[in-house]
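Below is one structure, written out as structure tokens; the observations come after it.
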Protein chains: 2
Amino acid sequence: MVAPKPGFPVRGSKSGQPIMALLDLLGRSWAMGIVWHLYAGPNTFRGLQDYCESISPTTLNTRLKELRDCNLIERTLEGYALTEYGRELYELLEPMGGWARQRWAHSFEENDNKE
Amino acid sequence: MVAPKPGFPVRGSKSGQPIMALLDLLGRSWAMGIVWHLYAGPNTFRGLQDYCESISPTTLNTRLKELRDCNLIERTLEGYALTEYGRELYELLEPMGGWARQRWAHSFEENDNKE
DNA sequence: TAGTTTTGCTATTAAATAAGTAGCAATATG
DNA sequence: CATATTGCTACTTATTTAATAGCAAAACTA
């Protein structure tokens, strides 16, 4: 699976607008989870496997390669780590955590004939 | 495919933490793209098909059902539309557009031995 | 009111992606 | 030297997505 880069055709956009490339990349299984987790600090391949309860090594490896190709993570002596870009992306993702807990999760408690 | 709801096991989290459920949901093909696009206004099934250049009707329908189950979109007389939750989520996603264009896209222009 | 179009799908099959499992080479550790 | 850990690859199976056809219902057209 080829990493989706801005400027090139990606799933959903022949023009490869950056946001489309990003959504394609992040919309692959575990991609956001890996970024999310690595913000806590660098981690090893096997550490990430443990964190991502059900990821297979093939998928993890594929995803790590794509994220590296896209400049979001890199290998360091302590294992895989977010790059500067990866950290910036995490910071954009981060508010979703609070929203999911404080807002979205509650939408399931209301009965369905809301508003 | 069952929609990932907070509080229930999802891919990657047996406890179903809200953020994990959200990442599972949004990490499925086209999910973010649909939310992204619907912010511009309600759209029909076929309108969404055109927008998502290469989505199949089966996938689109599955995704629409999941997003409805998760309270992010709803059907209106004008077609599918974001709910209040969907709009809130879009607003969290939105900054990624600018970042992708202004920051991330440029990371590919630099040569690889950056920093 | 009988076509024609549009819409929102379903069904079926094929292709792509991800999971599950085993295991191996390289390095570290005892 | 034996054992453990790490970062994978290879292989097979299961799940997800795409491709294509087509149909029923509603709206529009003549």
Side-chain angles (χ1 to χ4, degrees), chain A residues 1-5 8-14 20-21 23-38 41-70 73-82, chain B residues 1-5 8-14 20-21 23-38 41-70 73-82:
Chain A
M1 206 178 184
V2 64
K5 299 184 186 178
F8 297 89
V10 299
R11 295 190 295 188
S13 168
K14 286 165 192 155
M20 295 307 291
L23 295 182
D24 185 3
L25 176 69
L26 296 182
R28 296 174 182 190
S29 72
W30 294 109
M32 286 188 288
I34 291 168
V35 171
W36 191 268
H37 183 63
L38 283 181
N43 208 336
T44 64
F45 188 91
R46 278 187 149 86
L48 285 168
Q49 267 188 304
D50 289 344
Y51 164 70
C52 303
E53 298 166 14
S54 64
I55 197 171
S56 64
T58 13
T59 305
L60 177 56
N61 197 36
T62 304
R63 216 55 72 222
L64 290 173
K65 271 181 188 143
E66 290 166 0
L67 291 171
R68 270 196 287 173
D69 284 351
C70 291
I73 67 174
E74 64 192 349
R75 296 192 63 178
T76 69
L77 292 174
E78 296 138 299
Y80 290 97
L82 293 184
Chain B
M1 207 179 183
V2 64
K5 299 183 186 180
F8 297 89
V10 298
R11 293 191 295 189
S13 168
K14 285 165 193 154
M20 296 307 290
L23 294 181
D24 184 0
L25 176 69
L26 296 182
R28 296 174 183 190
S29 71
W30 293 109
M32 285 189 288
I34 290 167
V35 171
W36 191 269
H37 183 62
L38 283 182
N43 209 335
T44 64
F45 189 92
R46 279 186 149 89
L48 286 167
Q49 266 189 304
D50 289 345
Y51 165 69
C52 303
E53 297 167 15
S54 65
I55 198 172
S56 65
T58 12
T59 306
L60 177 56
N61 197 35
T62 304
R63 217 54 73 220
L64 289 174
K65 270 181 188 143
E66 291 167 0
L67 292 171
R68 271 195 286 172
D69 284 350
C70 291
I73 66 174
E74 64 192 348
R75 295 191 64 179
T76 69
L77 293 174
E78 295 140 301
Y80 291 96
L82 294 184

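Every chain is numbered from 1 and lettered A, B, ... according to where its sequence line falls, protein lines coming before strand lines.
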List the residues meeting side-chain contact (heavy atoms from CB on, under 4.5 Å) with [X], not counting sequence neighbours, and say none if there are none.
{"X": "B/K14", "value": "A/E53"}
{"X": "A/S56", "value": "A/T58, A/T59"}
{"X": "A/S13", "value": "A/V10, A/S15, A/Q17, A/M20"}
{"X": "A/T76", "value": "A/P42, A/E74, A/E78, A/A81"}

Requested in this report: Could you check B/T62 against A/N43 and say which one's nearest nucleotide on DNA chain D is further toward the 5' end?
Outcome: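 This one resolves to A/N43.
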
Query raised in the report: To the nearest 0.5 Å, what is the distance between CD1 (A/I73) and CG (A/L48)?
Result: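 Here the interatomic distance stands at 8.0 Å.
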
Report task. Mind checking the CZ-CZ spacing from A/R75 to A/F45? Nearest 0.5 Å is all I need. Result ->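 If we round to the nearest 0.5 Å, A/R75:CZ and A/F45:CZ are 9.5 Å apart.
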
Starting at [atom1] of [X] and ending at [atom2] of [N], how long is that distance when rounded to a whole Å?
{"X": "B/L77", "N": "C/dT7", "atom1": "CG", "atom2": "P", "value": "15 Å"}
{"X": "A/F45", "N": "C/dG23", "atom1": "CZ", "atom2": "C1'", "value": "14 Å"}
{"X": "A/I34", "N": "C/dA18", "atom1": "CD1", "atom2": "P", "value": "11 Å"}
{"X": "A/E74", "N": "D/dG7", "atom1": "CD", "atom2": "P", "value": "15 Å"}
{"X": "A/L64", "N": "D/dG7", "atom1": "CG", "atom2": "C1'", "value": "10 Å"}
{"X": "B/R28", "N": "C/dT17", "atom1": "CZ", "atom2": "C1'", "value": "14 Å"}

Looking at [N], I'd like to know if its phosphate oxygens (OP1 or OP2) sit under 4.0 Å from a side-chain N or O belonging to [X].
{"X": "A/N61", "N": "D/dT9", "result": "yes"}
{"X": "B/R63", "N": "D/dT17", "result": "yes"}
{"X": "A/T44", "N": "D/dG7", "result": "yes"}
{"X": "B/K65", "N": "C/dT10", "result": "yes"}

Requested in this report: Kindly write out the residues that satisfy ring-ring contact (aromatic ring centres under 6.0 Å, His included) with B/Y80, not counting sequence neighbours, or none if the list is empty.
Outcome: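 ring-ring contact (aromatic ring centres under 6.0 Å, His included) check on B/Y80 returns nothing, list empty.
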
**Report entry** Qualifying salt bridge (Lys or Arg N to Asp or Glu O under 4.0 Å) pairs with a residue from residues 25-38 of chain A, counting only residues at least two apart or across chains
**Finding:**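 Counting only pairs at least two positions apart or across chains, the salt bridge (Lys or Arg N to Asp or Glu O under 4.0 Å) contacts touching residues 25-38 of chain A are A/D24-A/R28, A/R28-A/E66.
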
Table of protein N/O atoms under 3.5 Å from nucleotides 19-22 of chain C N/O atoms:
unit_1 : atom_1 : unit_2 : atom_2 : d
C/dA19 : OP1    : A/W30  : NE1    : 3.3
C/dA19 : OP2    : A/T59  : OG1    : 3.0
C/dA19 : N7     : A/S56  : OG     : 3.3
C/dG20 : O6     : A/T58  : OG1    : 3.2

Query raised in the report: B/R63 side chain to B/S29 main-chain N or O, any donor-acceptor pair under 3.5 Å?
Result: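 Side chain of B/R63 to backbone of B/S29: a pair is present.
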
Nucleotide N/O to protein N/O under 3.5 Å, stretch nucleotides 24-30 of chain C:
none

